Structures are given as C-alpha cells and as structure tokens.
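Letters go in sequence order (proteins before strands), and every chain restarts at 1. Just so you know, these numbers use all the heavy atoms, side chains as well, and skip hydrogens, waters and symmetry mates. For clarity, every value in this text was computed on a predicted model and none was experimentally measured.
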Number of protein chains: 2
Amino acid sequence: MRKATFEERSATLCNSLALRQAARHVSQIYERHLAAEGLRASQYSILSTLGRCGPQPIGALAQRMVMDRTTLGRALKPLERDGLLEIGPGPDGRTRSLHLTATGETKLAAAAGRWQEAQAEFEAAFGTQEAADLRATLRRVIAVTGEGRAGQGA
Amino acid sequence: MRKATFEERSATLCNSLALRQAARHVSQIYERHLAAEGLRASQYSILSTLGRCGPQPIGALAQRMVMDRTTLGRALKPLERDGLLEIGPGPDGRTRSLHLTATGETKLAAAAGRWQEAQAEFEAAFGTQEAADLRATLRRVIAVTGEGRAGQGA
DNA sequence: GCAAGACAAGTGCATATGCACCTTTTCCGG
DNA sequence: CCGGAAAAGGTGCATATGCACTTGTCTTGC
C-alpha cells in the first residue's frame with residue numbers, strides 16, 4: 001500500500017460531512033440569487049416541483065422531493081402564509097391536496113430566472129459537464145441509501 | 001443537439017437540490033449509528049476536528065470546518081452543556097479557546113467506532129473508491145464556490 | 001494616550017431538519 | 001357492523017443554518 005498524500009491526510013474523510021459542507025456552500029449561491037424574489041432555495045424547489053408535477057398530497061410531494069414528510073409539512077407554512085400555495089382537502093378525508101395559487105405561479109415564473117442565474121454561476125465555476133456528472137453521482141447516492149431504509153415510501 | 005433521455009427529463013437538474021437531498025440521506029446513516037453514543041453527526045464532526053487540530057478559537061474552527069461562524073457558535077452550546085468541551089478565554093480578550101474535556105475525548109473515542117460503522121455501511125452500498133472520488137469532487141465544489149465570496153475567512 | 005477601524009464573538013429572527021408520538025380516517029377480515 | 005391494522009397528517013422537541021446587527025476588544029496612526 002502506497003503512502004497517503006497530503007491531500008488525503010488533511011482532507012475530510014467523512015462522506016456525510018463532505019456532502020453537507022458542499023451542500024451548504026452551493027446552496028448559498030442559490031439563496032443569494034433567489035433572495036431577490038424573497039424565496040429560499042428550498043422554497044423554490046417546492047414551488048418548482050409542485051408546478052411541474054401538479055396538485056398532490058403532502059406525502060407524495062415529500063417522497064418526490066426526497067425529503068422528510070414533517071419537514072415538508074412545516075416548510076409549507078410560510079408559502080401558504082404568503083399566498084403562494086394552498087392546502088385544500090384531498091379526495092380522501094385523511095389527505096390534503098397541495099396546489100399553487102395564481103400568485104404562486106407568477107412568483108415561480110419570476111424566480112425561475114433567478115434560479116437560472118444561480119445555476120449558471122455555479123456551472124461557470126465548476127463546469128457544466130462536471131455538474132451534470134455530479135448530479136448523476138448524487139442520484140446514485142440517493143438510490144443506494146434509499147434502499148436500505150425505504151420506510152415511509154417506495 | 002441530441003434528444004434528452006428519460007433520466008435527464010425526470011431527474012433533478014438543480015445542483016443545490018441534488019446536493020441537499022444526498023446530504024440529508026447520507027447524514028441519516030451517520031445519525032443512526034452515532035445516536036448510540038448520543039451524538040448528532042454534526043456534533044461528531046466538531047469533536048473530531050477539535051480533537052485532531054487541538055484547541056483553537058471559534059472562528060478558526062468554523063473556517064476549518066467550512067461552516068458559518070454563528071452556526072458553529074450555537075452548535076457548541078449542547079456540547080458544552082454535556083461537558084464534552086469547554087469554551088475558555090483565548091490569548092486575546094476577544095477570542096475564546098475551544099478545547100475537549102477528558103469526557104469529550106472519551107466520547108470521541110467511543111463515537112469514532114460508530115462513525116466507522118456508518119462510513120462502512122455507506123461505502124459498502126456506494127463503493128469505497130466511488131466515495132473517495134465523490135469526496136474529491138466535493139472538495140473541488142467547495143474550492144470553486146469559496147473563491148467568489150471568501151468573506152469571513154481565507 | 002486616543003479615536004477610528006479592524007476583528008472576534010454573541011443575539012434576534014426566520015427557516016430547515018427529522019425522530020417519536022398522537023389523532024383522524026380508511027380499509028379489511030370476520 | 002365492528003374492531004384492529006394501516007395510512008396520512010400534525011405536534012413537541014431538539015438541533016442546524018445563516019443573515020443582519022450588536023457588543024466588546026485590539027491595533028494603529030497621530
């Protein structure tokens with residue numbers, strides 16, 4: 001076995017820490033651009049997914065967004081408060097149906113431009129192809145970690 | 001230009017969202033293992049870095065851990081409360097010196113085993129070499145996003 | 001020795017994150 | 001029809017995250 005390089009000795013060995021650090025940093029770029037529309041990055045992702053996939057219950061959206069049901073449930077509050085989406089009754093007495101309001105659609109359209117700015121800023125620094133490769137890798141990360149404990153969904 | 005594949009159309013295009021999703025999922029593995037020692041993943045990373053790099057002020061540790069100074073500052077509270085580290089006065093009247101207590105050292109040693117379990121679980125599913133490659137990629141992500149707005153540090 | 005600016009840290013606010021536990025509704029077997 | 005399991009959400013708690021602003025301390029030029 002060869003000797004460890006300086007990089008290997010000094011750098012983060014923890015996959016979890018490395019991911020969280022990178023996520024924090026990259027998110028800040030998106031937060032900065034989206035702030036112009038008064039949206040957080042996570043809020044944009046919720047509106048965007050809801051706009052793309054149409055009205056659906058909370059659990060379904062949470063699964064689609066690969067996030068915890070309760071986290072999403074609470075994240076909806078500010079969006080509902082600001083009139084961007086509504087939480088109506090679902091076909092079932094248990095379920096609730098999420099849908100964008102007209103205001104939400106407008107905000108989403110405006111924010112999409114900001115998102116593209118952020119996306120462009122990151123990819124200009126990191127590389128467009130490299131970013132696509134990274135996303136593919138991250139999809140695989142989610143796939144392999146999801147199997148072991150699919151829990152609520154799948 | 002060729003047509004988009006199904007994967008490309010349905011998958012997350014947002015680098016920020018992809019990173020946060022993956023970070024959440026992977027962190028859960030580490031949280032699950034470290035819970036046996038009563039530590040959160042982020043707490044382990046703090047103790048670990050502090051143990052490896054020795055006593056230092058808050059700002060320095062925050063920079064080293066690629067996290068916000070105020071986030072770290074608050075994260076220290078529970079660790080201090082549980083007697084794992086102490087926040088004493090630094091050489092300077094402004095700075096405060098962080099250092100592990102004996103209890104903290106012991107806890108860190110015990111938690112290290114749990115961390116290895118988590119690391120092994122993830123790498124068994126994702127691949128050891130692939131994980132190393134991913135960490136290298138993430139280091140580059142942090143490097144390129146850090147330049148534009150070094151702000152507090154560098 | 002002092003005032004201006006730099007520097008380290010703390011605080012208020014708002015949101016993000018997820019586990020354990022609880023309530024309400026269905027659904028299904030008998 | 002009833003009783004229990006399953007499904008969908010909600011809540012309490014604890015921590016994570018970071019911006020703007022404040023406070024206290026040092027450094028430096030004069």
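Taking the nucleotide of DNA chain C with the nearest heavy atom to each of A:L76 and B:K77, the more 5' of the two is matched to B:K77. When the nearest nucleotides of DNA chain D are assigned to B:G93 and B:I46 by heavy-atom distance, the more 5′-ward of the two goes with B:I46. Two residues, B:T70 and A:D92, neighbour DNA chain C, and the one matched to the more 5' nucleotide by heavy-atom proximity is B:T70.
Using modelled atom types and a 3.5 Å distance limit, the side chains of A:S27 and B:R20 yield a donor-acceptor pair.
Between B:R24 and the phosphate of C:dA16, there is no side-chain N or O to OP1/OP2 separation shorter than 4.0 Å. Proximity of B:Q28 to the phosphate of C:dC19: a side-chain N or O atom is located under 4.0 Å from OP1 or OP2. At the phosphate of C:dT17, neither OP1 nor OP2 sits under 4.0 Å from any side-chain N or O atom of A:R69. Taking 4.0 angstrom as the limit, B:R81 places a side-chain polar atom (N or O) nearer than this to OP1 or OP2 of D:dT15.
Distance from the side chain of A:R94 is smallest to D:dA7 among C:dT17, D:dA7, C:dA9.
Base contact: B:T71 has a heavy atom under 4.0 Å from a base atom. Counting non-hydrogen atoms under 4.0 angstrom, B:Q43 reaches the backbone sugars and phosphates but no base. Across all strands shown, B:G73 has no heavy atoms under 4.0 Å from either base or sugar-phosphate atoms.
Side-chain N or O atoms of A:R24 include none that pairs as donor or acceptor with a backbone N or O of B:D68 at under 3.5 Å. Using a distance-only test at 3.5 Å, with no hydrogens or angles considered, a donor-acceptor pair links the side chain of B:Q56 to the main chain of B:G54.
The CG-P distance, from B:D68 to C:dT11, rounds to 15 Å in whole Å. Taking atom CG of residue A:L72 and atom P of nucleotide D:dA8, one finds them 14 Å apart after rounding to whole Å. Taking atom CG of residue B:L79 and atom P of nucleotide D:dA16, one finds them 8 Å apart after rounding to whole Å.
In this model, a side-chain donor or acceptor of A:R74 finds a partner on the base of C:dG18 within 3.5 Å.
Under 4.0 Å is where a charged nitrogen must lie from a carboxylate oxygen, and between A:E80 and A:K77 no such pair does.
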Report the C-alpha separation of A:E121 and A:Y30 in whole Å, then their side-chain angles, then the decisive distance to 0.1 Å, and conclude whether the side chain to side chain donor-acceptor pair (under 3.5 Å) test is met.
CA-CA 9 Å; A:E121 180 178 328; A:Y30 291 75; over 6 Å; no
